[in-house]
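Down below is the structure, laid out as structure tokens.
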Amino acid sequence: MPTKKKAKTKKKARTDRKKDFGEMTAKQVMQKMVQSAHLKTKGDVIASLMIEGFGAVPVVDAKDRLLGIVSEHDLLAALDDGHKLGAVTAADIMTYNPYSIHPETILPTLIHVFRASDLIRVPVVDAKDKLVGIIARRDVLRAYLAAGRA
């Protein structure tokens, strides 16, 4: 009587290896759900978005291409200049053509960008300048700790 051979099952090798921080990209750690505004978005609406999310709100056109960014600093400057936030728009107070990075940017490069600037967060855009994410200093630090580099 023929006997059935047990099928050999290959055990998957455990890949618990931590990611190499030096090779990690912005795409791996960026926030993909980004609240954005348009040129005509009022300052008070932008302030509400900041309170619920990030301390800077990218400003995009109808095709989600990055036009500018409004920071907490920009809103405070408008208030300091005597403006009511409901009376100013993103176009009035935003920083035009803000610094941005591509998803393929490696984190060590981004660290240099953060150190050389006063930026706290940077929009991430694709090759057509479409907003695809945002990355903050804390995201980089979180990735560093998760990679076991402490």
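FYI, side chains are in, hydrogens and waters are out, and symmetry mates aren't considered; it's all heavy atoms of this structure. The residues of the chain are indexed from 1 along the displayed sequence.
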Approximate separation, where rounding is to 0.5 Å, of [X] [atom1] and [Y] [atom2]:
{"X": "I111", "Y": "R115", "atom1": "CD1", "atom2": "CZ", "value": "9.5 Å"}
{"X": "K42", "Y": "I93", "atom1": "NZ", "atom2": "CD1", "value": "11.0 Å"}
{"X": "L145", "Y": "R138", "atom1": "CG", "atom2": "CZ", "value": "14.0 Å"}
{"X": "S100", "Y": "L131", "atom1": "OG", "atom2": "CG", "value": "9.0 Å"}
{"X": "I120", "Y": "I134", "atom1": "CD1", "atom2": "CD1", "value": "11.0 Å"}

Checklist entry - Which one of T105, L110, I106 satisfies the side-chain contact (heavy atoms from CB on, under 4.5 Å) criterion with P108? => result I106

Does the side chain of [Y] come within less than 4.5 Å of [X]'s, by heavy atoms?
{"X": "L67", "Y": "M94", "answer": "yes"}
{"X": "L107", "Y": "I135", "answer": "yes"}
{"X": "T89", "Y": "L39", "answer": "no"}
{"X": "V29", "Y": "R142", "answer": "no"}

List for me each residue that meets side chain to side chain donor-acceptor pair (under 3.5 Å) alongside [X], sequence neighbours excluded, and say none if there are none.
{"X": "T25", "answer": "Q28"}
{"X": "E23", "answer": "none"}
{"X": "S71", "answer": "D74"}

Could you tell me whether a side-chain N or O of [X] sits under 3.5 Å from a main-chain N or O of [Y], the two making a donor and an acceptor?
{"X": "H102", "Y": "V124", "value": "no"}
{"X": "D81", "Y": "A78", "value": "no"}
{"X": "R137", "Y": "L119", "value": "yes"}

Checklist entry - Taking all atoms of both residues into account, what is the closest heavy-atom pair of A37 and I46, and its distance? => result CB-CG1, 4.1 Å

Checklist outcome for this item: Minimal heavy-atom distance between P98 and G68, with the atoms involved, is CD-CA, 3.4 Å

Let me check something: do [X] and [Y] share a hydrophobic cluster, defined by ILVMFWY side-chain heavy atoms less than 4.5 Å apart, either directly or through other members?
{"X": "L85", "Y": "L49", "value": "yes"}
{"X": "V59", "Y": "V125", "value": "no"}
{"X": "Y96", "Y": "L66", "value": "no"}
{"X": "M24", "Y": "V113", "value": "yes"}
{"X": "F54", "Y": "L141", "value": "no"}

Checklist entry - Is there a side chain to side chain contact (heavy atoms under 4.5 Å, CB included) between V57 and M50 once you walk through the steps? => result CA-CA 7 Å; V57 176; M50 284 183 191; 3.7 Å; yes

Next on the checklist: I'd like to know whether V132 forms a side chain to side chain contact (heavy atoms under 4.5 Å, CB included) with K27, so could you lay out the CA-CA distance, the side-chain angles of the two residues, the decisive distance to 0.1 Å, and finally the verdict.
Outcome noted: CA-CA 9 Å; V132 295; K27 182 178 183 177; over 6 Å; no

Checklist entry - Should we say atom NZ of K32 is surrounded by more than 12 heavy atoms from elsewhere, each under 6.0 Å from it? => result yes

Item to check | H38, NE2 atom: more than 12 neighbouring heavy atoms under 6.0 Å | outcome: yes

Item to check | Verdict with supporting geometry, I101 and M30, side chain to side chain contact (heavy atoms under 4.5 Å, CB included) | outcome: CA-CA 11 Å; I101 62 167; M30 70 184 186; over 6 Å; no

Checklist entry - Does R65 pair with D61 as a salt bridge, N-O distance under 4.0 Å? => result yes

Item to check | Evaluation steps, side chain to side chain contact (heavy atoms under 4.5 Å, CB included), between V122 and F114 | outcome: CA-CA 9 Å; V122 176; F114 281 134; 3.6 Å; yes

